[in-house]
Amino acid sequence: TQLLEQSPQFLSIQEGENLTVYCNSSSVFSSLQWYRQEPGEGPVLLVTVVTGGEVKKLKRLTFQFGDARKDSSLHITAAQPGDTGLYLCAGKSNDYKLSFGAGTTVTVRA
Amino acid sequence: KAGVTQTPRYLIKTRGQQVTLSCSPISGHRSVSWYQQTPGQGLQFLFEYFSETQRNKGNFPGRFSGRQFSNSRSEMNVSTLELGDSALYLCASSLGLAGLNTGELFFGEGSRLTVL
């Protein structure tokens, strides 16, 4: 059983469309991170959110941490083929453990 | 600055054999974490080593073991391989313990193990 549930599992969209990926849990996290993994490579950190309600923007990517620090979302505006990859959320709990979700596979078609 | 290096990148073993995977962290990083990645389960935490001591352990059987050397390099070993052990094994390094702060995990490219 995953501590962090990510949805959807797969997402395929056309270039220029918007998309949102969700990361939910019944547990509270002290911080939450989003990673992107491209085929044949290891995950790379995109962002860390710490404060409940926090919103961070990274160019076309917007990350939000829920007020209760149990959920997060990643929104991509005007997706490009270079955004294709596996998006993973990872939560750090108060007992100093890091848990990953199963990931959302995003495919952006040109 | 060199990244995290994992060897070998690919390997094929048969059931019952054992395998050793190696991970060299980024210079100066003292923590090494190991993960198993499969399509259905995502990233499953195996263990974390810091200063040659295992600090955290996931829910894997005793066939999975690891160690860390004084230069922070780490190895993991899987004995009596089973078909279900086929996976991508990822190593990640960080300055301090992975769960202690908002620090970043730096991942290697992984070792893809196929068990026949």
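The sequence lines fix the lettering, A, B, ..., with proteins before strands; numbering per chain opens at 1.
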Query - Residue, of Arg9(B), Glu48(B), Glu109(B), that accumulates the most heavy atom pairs under 4.5 Å with chain A - result: Glu109(B)

Requested in this report: Taking atom types as modelled, find out whether Arg69(A) and Ser30(A) have a side-chain donor-acceptor pair closer than 3.5 angstrom.
Outcome: no

Query raised in the report: So, do Leu113(B) and Leu81(B) sit near enough that their side-chain heavy atoms are less than 4.5 Å apart?
Result: yes

Query raised in the report: Judged by atom type as modelled, is there a donor-acceptor pair below 3.5 Å linking the side chain of Asn77(B) to the main-chain atoms of Ser65(B)?
Result: no

Query raised in the report: Can Asp83(A) and Arg60(A) be counted as an ion pair, charged N to O under 4.0 angstrom?
Result: yes

Query - Contact origin within Leu105(B) toward chain A - heavy atom pairs under 4.5 Å - result: both

Report task. Sort Gln37(A) into side chain, backbone, both or neither according to what part of it lies under 4.5 angstrom from a heavy atom of chain B. Result -> side chain

Query - Closest non-hydrogen atom pair between His29(B) and Phe106(B), with its separation - result: CE1-CD1, 3.4 Å

Query raised in the report: Using non-hydrogen atoms only, which part of Leu86(A) is less than 4.5 Å away from chain B: side chain, backbone, both, or neither?
Result: side chain

Query raised in the report: Checking Gln37(B) against chain A: side chain, backbone, both or neither under 4.5 Å from a heavy atom?
Result: side chain

